[in-house]
Amino acid sequence: MSVAGSFPRNLMTVPGKEVTPQQTDLRDQEKQTAARAAVELIEPGNIVGLGSGSTAAHAVRFLADKVRAGLKIVGIPTSQQTMHLAEQL
């Protein structure tokens, strides 16, 4: 068995400690709050690293709203998935 195969798919899941839908919703709300706060720190002309993961995806979506409203930045994606999301928005 490979090392990757020995880890659970969702590292937040512990056997016997299943995550409820309410906990998942709360976690996602917290991620969105963190993403919004990060985007608020971005200023015109910044070079912005567009990270990877679910919180970064929220940040890219919020940042896209600001760019459509006229914010001028340079975004550097850290993954193909993030690049694709940014291009779609």
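Here the structure is a predicted model, which is why all the values come from computation and not from measurement.
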Can you sort out the partners of [X] under side-chain hydrogen bond (donor to acceptor under 3.5 Å, both in side chains), two or more places apart, ordered by chain and number?
X     : answer
Thr33 : none
Thr82 : Ser79
Gln80 : none

With sequence neighbours excluded, what pairs up with [X] under the side-chain contact (heavy atoms from CB on, under 4.5 Å) test?
X     : value
Gln23 : Val19, Thr20
Ala86 : Leu50, Val60
Thr78 : Ser52

Problem set entry | Within-4.5 Å side-chain heavy-atom neighbours: Ile73 and Pro44 | no
Please tabulate, for side-chain N and O atoms in residues 36-43, each donor-acceptor pair with protein atoms closer than 3.5 Å (sequence neighbours left out).
none

For this session: Treating Ile, Leu, Val, Met, Phe, Trp and Tyr as nodes and any side-chain heavy-atom pair under 4.5 angstrom as an edge, say whether Met83 and Phe62 lie in one connected cluster.
Result: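 Unlinked, Met83 and Phe62 end up in two clusters.
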Exercise. For Ile47, what are the other residues in its hydrophobic cluster, where any two members join if their side-chain heavy atoms are less than 4.5 angstrom apart?
Worked result: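 Members other than Ile47 - counting any ILVMFWY side chain reachable under 4.5 Å - are Val74, Ile76.
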Problem set entry | Point-to-point distance, once rounded to the nearest 0.5 Å, from CG of Leu89 to CG of Leu63 |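 CG of Leu63 is found 9.5 Å from CG of Leu89.
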For this session: Not counting sequence neighbours, list each pair that qualifies as a side-chain hydrogen bond (donor to acceptor under 3.5 Å, both in side chains) and has a residue in residues 58-70.
Result: Asp28-His58, Asp65-Arg68
